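Please read all numbers here as calculations on a predicted model, not as lab measurements.
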Amino acid sequence: LLFTPGININTAGDGKGQQYNTPEHAFRNLKTDFIIVGRGIYKADDAEMAALHYKIAGWKAYRESL
C-alpha cells in the first residue's frame with residue numbers, strides 16, 4: 001500500500017520548501033492508495049468543511065484513476 005502525504009488542493013508549496021500534490025496527481029500519476037492531508041485541513045477556517053471537501057475530491061480523483 002502506498003500512502004502519499006503532502007496533499008493540498010489550494011497551494012503548490014510553502015515558504016519552507018514543502019511541495020504539495022493534488023489528489024488527482026497522487027492517484028493518477030503516483031498510483032497512491034491513500035492520500036494524507038494535513039495543513040489543508042487544520043489551517044482551514046472551517047476544518048470540518050475542509051475535511052469533507054478533501055474527502056469528496058479524493059474519492060472523485062480515485063474513481064477517475066481507475
Side-chain angles (χ1 to χ4, degrees):
L1 296 175
L2 179 61
F3 291 75
T4 302
I7 302 297
N8 197 307
I9 295 171
N10 298 318
T11 186
D14 65 12
K16 299 175 184 168
Q18 172 72 42
Q19 296 297 309
Y20 296 111
N21 292 305
T22 63
E24 293 83 6
H25 177 78
F27 284 111
R28 185 178 316 124
N29 301 104
L30 303 178
K31 306 298 184 199
T32 194
D33 297 302
F34 296 93
I35 59 174
I36 301 171
V37 181
R39 293 179 198 157
I41 294 174
Y42 75 76
K43 286 196 171 188
D45 292 334
D46 184 345
E48 184 177 1
M49 286 304 298
L52 179 60
H53 184 69
Y54 277 95
K55 174 185 167 184
I56 292 168
W59 182 248
K60 180 181 177 201
Y62 167 73
R63 299 266 322 222
E64 289 175 356
S65 73
L66 298 177

Suppose the criterion is ring-ring contact (aromatic ring centres under 6.0 Å, His included): which pairs have a residue in residues 47-66, not counting sequence neighbours? Phe27-Tyr62, Trp59-Tyr62
Is the backbone of Ile35 close enough, under 3.5 Å, to the side chain of Thr4 for a donor and an acceptor to pair up by distance? no
Measuring from Thr22:OG1 to Ile9:CD1, what's the distance to the nearest 0.5 Å? 8.0 Å
Point-to-point distance, once rounded to the nearest 0.5 Å, from CD1 of Ile41 to CG of Asn8: 9.5 Å
Taking atom OG1 of Thr32 and atom CZ of Phe3, what is their separation to the nearest 0.5 Å? 8.0 Å
If you look at every heavy atom in Ala57 and Pro23, which pair is closest and at what distance? O-CB, 4.1 Å
